[in-house]
There are 2 protein chains.
Amino acid sequence: MRYRDENKVQSIKQKAIEMIAGEGLENFGINRLAKSAGVSPATIYIYYKDKEDLINSIVQEETEKWVAALFRNFDPEMSFEEGLWVQWKNRADSAIKHRDVNLFMEKIRNTSYGKDQQIKISQCMANFMGDFVKNAVKRGEITFNTLEVYWAVAFAPLYTLVKFHQEGRSISGRSFKLTEEIMRETFNHVIKALKK
Amino acid sequence: MRYRDENKVQSIKQKAIEMIAGEGLENFGINRLAKSAGVSPATIYIYYKDKEDLINSIVQEETEKWVAALFRNFDPEMSFEEGLWVQWKNRADSAIKHRDVNLFMEKIRNTSYGKDQQIKISQCMANFMGDFVKNAVKRGEITFNTLEVYWAVAFAPLYTLVKFHQEGRSISGRSFKLTEEIMRETFNHVIKALKK
DNA sequence: TTTTAAAATGAGCGATCGCTTATTTATTTT
DNA sequence: AAAATAAATAAGCGATCGCTCATTTTAAAA
């Protein structure tokens, strides 16, 4: 019997990510994807049940990779400042190295396909951060009441700068690049906010 | 001659906002909008050139209202802490009072229709904030180098909490409500980060 | 009351949508 | 070499898309 051509399914995934990253979900269609990936529309339905399944599968797969990358070289036993910086660095590296995937994820976020994605990210965050933050509090490095407030103060500034960077645009209207220097400046503000 | 029925165009706008806020752009269509608004599809094209013009018009209109609401009771001469708090309060009130519009704006953000929206918001922010921040620096209340960093530290935490609130979900998985108490807690962190 | 002109509409156009089916192609097993 | 089987495809289905047109409705102007 004939075996699956892995190049085909990889091409389908890759082109789907590129198309959604570029034009958004509202212009994304199976016929156009098939043409772009160099396969027949019917071929896509060998690998995926329907359009929804296609998108959900890719979202799930990329979310797992995305979260894993966020915690590379991270250890909950790290000091607060070191651990948070590792997560910041990983987040920024991800945005730069995998631009398409990050734009894709951003387009998905506010759609029905983004529900599971957000839940998975939240759970993973809670798991990893739970111990990390608990340790930091135990050591008397930081203080806080609500986990949501911690997340908002510790990560939201970075995520906003990453968005500015991805869009190549910002408040001032000028082009914006997320340099290590700017990351450091922002990080110092955040540390000041959270430290006792 | 016959005059335009303002109820009709208002109904079209309102239903468009509700539909996009609820199901997102990818499921939004003119025929369904017409049915929902109780008019003929052709009627919509009396008021708007095409689908793109319809969405762009609503985005522009609501963005102006949205930005205006953000600077209600705000004066660039205010002390830093007071001025920033006014903007925070306005942002939170907007999310609570005009839920549909805020969800609509959020769905639009990462689409092609969101480009002008973002630019307009950025410009308005830069104008209002320019003087305000300059005054605060002159008075020695705060210090910072980059406008983008200021924005990221001063507003991103609040905007993240607003998103949690809108989605009724957050890091922990539990339902999340943006109370005044949580806003205050977060605000104190941010002030600590920005004050000299 | 009649005329006039724009608002409003129902029906439906061509194009594209997600998806299926009948058939062919490729590769392993016999 | 023949049989077996799943991958892959071209063609196109019904449904829906954005949008238009011929016609009717409405209310001000004459």
Side-chain angles (χ1 to χ4, degrees), chain A residues 1-61 104 107-108 111-116, chain B residues 1-61 104 107-108 111-116:
Chain A
M1 78 165 192
R2 186 175 177 179
Y3 283 149
R4 290 186 175 186
D5 185 345
E6 270 302 314
N7 294 333
K8 282 200 160 52
V9 60
Q10 285 304 328
S11 171
I12 292 168
K13 279 188 212 168
Q14 184 55 40
K15 289 293 176 185
I17 290 172
E18 285 174 21
M19 287 174 74
I20 293 175
E23 314 160 48
L25 255 184
E26 72 271 21
N27 299 118
F28 174 74
I30 294 292
N31 289 350
R32 292 176 63 239
L33 171 61
K35 188 162 286 185
S36 166
V39 301
S40 161
T43 304
I44 293 174
Y45 291 89
I46 295 171
Y47 298 100
Y48 303 100
K49 181 171 154 278
D50 51 27
K51 186 186 174 184
E52 190 184 339
D53 179 49
L54 164 73
I55 297 173
N56 278 332
S57 298
I58 297 177
V59 168
Q60 187 165 336
E61 197 172 321
F104 167 82
K107 306 273 183 189
I108 293 293
T111 71
S112 54
Y113 302 104
K115 291 269 150 59
D116 294 341
Chain B
M1 77 164 191
R2 185 175 178 180
Y3 284 149
R4 290 186 175 186
D5 184 345
E6 271 303 313
N7 293 333
K8 281 199 160 51
V9 60
Q10 286 303 328
S11 170
I12 292 169
K13 278 188 214 169
Q14 184 55 40
K15 289 293 176 185
I17 290 171
E18 284 174 23
M19 287 174 74
I20 293 175
E23 314 161 48
L25 256 184
E26 73 270 21
N27 299 118
F28 174 73
I30 294 293
N31 289 350
R32 292 177 61 238
L33 171 61
K35 188 162 283 184
S36 168
V39 301
S40 163
T43 304
I44 293 174
Y45 290 89
I46 296 170
Y47 297 100
Y48 303 100
K49 181 172 154 277
D50 51 26
K51 187 186 174 186
E52 190 184 339
D53 179 49
L54 163 75
I55 297 174
N56 277 331
S57 299
I58 297 177
V59 168
Q60 186 165 336
E61 196 173 319
F104 167 82
K107 305 273 183 188
I108 293 293
T111 71
S112 55
Y113 304 103
K115 292 269 149 59
D116 295 342

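Proteins come first, then strands; the chains are lettered A, B, ... in the order of their sequence lines, and each starts at number 1.
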Show the numbers, then the answer: is there a salt bridge (charged side-chain N to carboxylate O under 4.0 Å, His left out) between B:Glu23 and B:Arg32? CA-CA 12 Å; B:Glu23 314 161 48; B:Arg32 292 177 61 238; 2.9 Å; yes
As an exercise, state the distance from CD1 of A:Ile58 to CD of A:Gln14, rounded to the nearest 0.5 Å. 9.5 Å
For B:Lys15 and B:Gly38, indicate whether the former's side chain and the latter's backbone hold a donor-acceptor pair under 3.5 Å. no
NZ-OH distance between B:Lys51 and B:Tyr113, expressed to the nearest 0.5 angstrom: 5.5 Å
Going 5' to 3' along DNA chain C, which are the first and last nucleotides with any atom under 4.0 Å from a heavy atom of chain A? C:dC17 to C:dT28
Taking everything shown except A:Lys115 itself, do over 12 heavy atoms lie less than 6.0 Å from its NZ? no
Measure from CZ on B:Arg32 to P on D:dC19 and round the result to the nearest Å. 16 Å
Under 4.0 Å between any heavy atoms, over every strand shown, what does B:Tyr48 touch: base, sugar-phosphate, or nothing? Just pick one. nothing
Need to verify one output field. Residue with the more 5' nearest nucleotide on DNA chain C, B:Ile46 or A:Ser40? B:Ile46
Atom CD1 of B:Ile55 and atom C1' of D:dC19: how far apart are they, to the nearest Å? 14 Å
How many whole angstroms separate atom CD of A:Glu26 from atom P of D:dG18? 12 Å
For a quick test of reading the model, state the closest non-hydrogen atom pair linking A:Leu33 to A:Ala16 and the distance between them. CD1-N, 3.5 Å
I need the CD-C1' distance between A:Glu6 and D:dA8, as an integer number of Å. 15 Å
Out of D:dT20, D:dA8, D:dT9, whichever nucleotide has its closest atom nearest the side chain of A:Tyr47: D:dA8
Atom pair distance, as rounded to whole Å: CZ in B:Arg4 and C1' in D:dT25: 17 Å
Classify the side chain of A:Arg2 versus the base of D:dT5 as yes if they form a donor-acceptor pair under 3.5 Å and no if they do not. no
